[in-house]
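Okay, so here's the structure we're looking at.
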Amino acid sequence: MAEADRDQLMTIFDRLFTAYGPRHWWPARTPYEMMVGAILTQNTAWTNVEKAIRNFEDQLSPEFVAAVSLEELAGIIKPCGYFNQKARHLKHLTSWFEAYDYDVSLVTRVDEQRLRQELLAVKGVGPETADSILLYALEQPFFVIDAYTRRLLTRLGWEVPVKYDQLQLMMEASLPRDTHLYGEFHALIVEHAKRHCRKSPACLDCPLEDLCRQRLA
DNA sequence: GCCCAGGGAATCG
DNA sequence: CGATTCCATGGG
């Protein structure tokens with residue numbers, strides 16, 4: 001059955017890639033900016049994150065975030081919502097990064113499973129954010145699970161585990177362990193969700209229409 | 001005015 | 001453990 005899962009997943013990947021093309025994720029100039037974006041985008045529209053990042057005005061660096069006051073930081077990221085919490089979370093994440101001298105090449109020397117545990121220990125970093133950082137900033141093969149992934153698999157008629165780690169395990173067991181594939185796949189799922197099936201049941205030109213067993217979720 | 005967006009922590013049973 | 005509740009802005 002794992003083989004059938006793999007075939008269907010690769011079919012979906014091919015359909016989405018053909019429909020939407022390479023996504024060039026994550027949209028960020030540096031790995032640190034990517035990490036910041038991962039915190040800021042939590043339960044928040046990306047357009048608001050762009051406004052928040054723009055407010056840094058070329059000052060977005062770990063040194064700046066470490067030095068700036070909590071109040072000022074909250075003011076800068078205001079457009080992305082939850083700014084008081086997220087300001088604290090950015091400080092915590094930056095403290096973690098500081099232990100590696102703000103150097104990604106030093107971070108990636110550490111065992112990847114240990115890195116995941118370290119990230120999960122940072123306040124404001126849950127499984128999805130940790131895996132996003134691992135995948136897109138640190139280029140480690142962790143498949144990112146989100147609400148869109150769950151909805152897509154549910155529509156395909158899959159039995160989707162409730163627990164994050166269990167679903168991630170299922171996906172990683174069904175796919176070749178490939179950082180680029182994971183990154184492209186997750187980005188395609190998000191792109192697909194933005195374009196289709198957000199509202200029921202009108203799914204015009206949906207590249208997965210014939211595969212859906214459930215109309216909506 | 002209502003709904004939701006690329007979640008996660010704190011609290012409570 | 002699972003289930004609530006809170007966090008907050010901007011666009012449709």
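Below, read A as the first sequence line, B as the second, and so on, with proteins coming before strands; counting in each chain starts at 1.
At a threshold of 4.0 angstrom between heavy atoms, the contacts of V144(A) with the nucleic acid are absent. Backbone-only contact: G126(A) has heavy atoms under 4.0 Å from sugar-phosphate atoms and none from a base. Nucleic acid contact for K123(A): sugar-phosphate only, since backbone atoms but no base atoms lie under 4.0 Å from a heavy atom of the residue.
Comparing dG10(C) with dG8(B), their P atoms sit 23 Å apart, to the nearest whole Å.
Across residues 41-60 of chain A, N43(A), N48(A), K51(A) each have a non-hydrogen atom less than 4.0 Å from an atom of DNA chain C (numbered order).
Comparing atom distances between the Y148(A) side chain and each of dA10(B), dA8(C), dA5(B) picks out dA5(B) as nearest. The side chain of P79(A) lies closest to dG10(C), out of dG8(B), dG10(C), dC7(C). Taking only side-chain atoms of K163(A), from C-beta outward, the nucleotide of dG8(B), dG2(C), dT9(C) with the closest atom is dG2(C). Among dG2(C), dG8(B), dA8(C), the nucleotide with an atom closest to any side-chain atom of E128(A) is dG8(B). Which of dG8(B), dA5(B), dA8(C) sits closest to the side chain of P127(A) comes down to dG8(B).
Nearer the 5' end of DNA chain B, as judged by each residue's closest nucleotide, is the contact made by H186(A), out of H186(A) and L120(A).
With sequence neighbours excluded, no residue satisfies ring pair (Phe, Tyr, Trp, His ring centres under 6.0 Å) with W158(A).
A salt bridge does not link D103(A) with R109(A): every distance from a Lys NZ or Arg NE/NH1/NH2 to an Asp or Glu carboxylate oxygen is 4.0 Å or more. Taking 4.0 Å as the cut-off between side-chain N and carboxylate O, R15(A) and D210(A) count as a salt-bridged pair. Using a 4.0 Å cut-off between charged nitrogen and carboxylate oxygen, R195(A) and E191(A) count as a salt-bridge pair.
Under the 3.5 Å distance criterion, the side-chain polar atoms of T94(A) are matched with a main-chain donor or acceptor of L90(A).
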Problem set entry | Stepwise side chain to side chain donor-acceptor pair (under 3.5 Å) check, T149(A) with D146(A) | CA-CA 5 Å; T149(A) 310; D146(A) 66 353; 2.6 Å; yes
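The NZ-P distance, from K86(A) to dA8(C), rounds to 9 Å in whole Å.
Within the structure, ring pair (Phe, Tyr, Trp, His ring centres under 6.0 Å) contacts touching residues 163-186 of chain A (residues at least two apart or in different chains) are F13(A)-F185(A), W25(A)-H186(A), F143(A)-Y182(A), F143(A)-F185(A).
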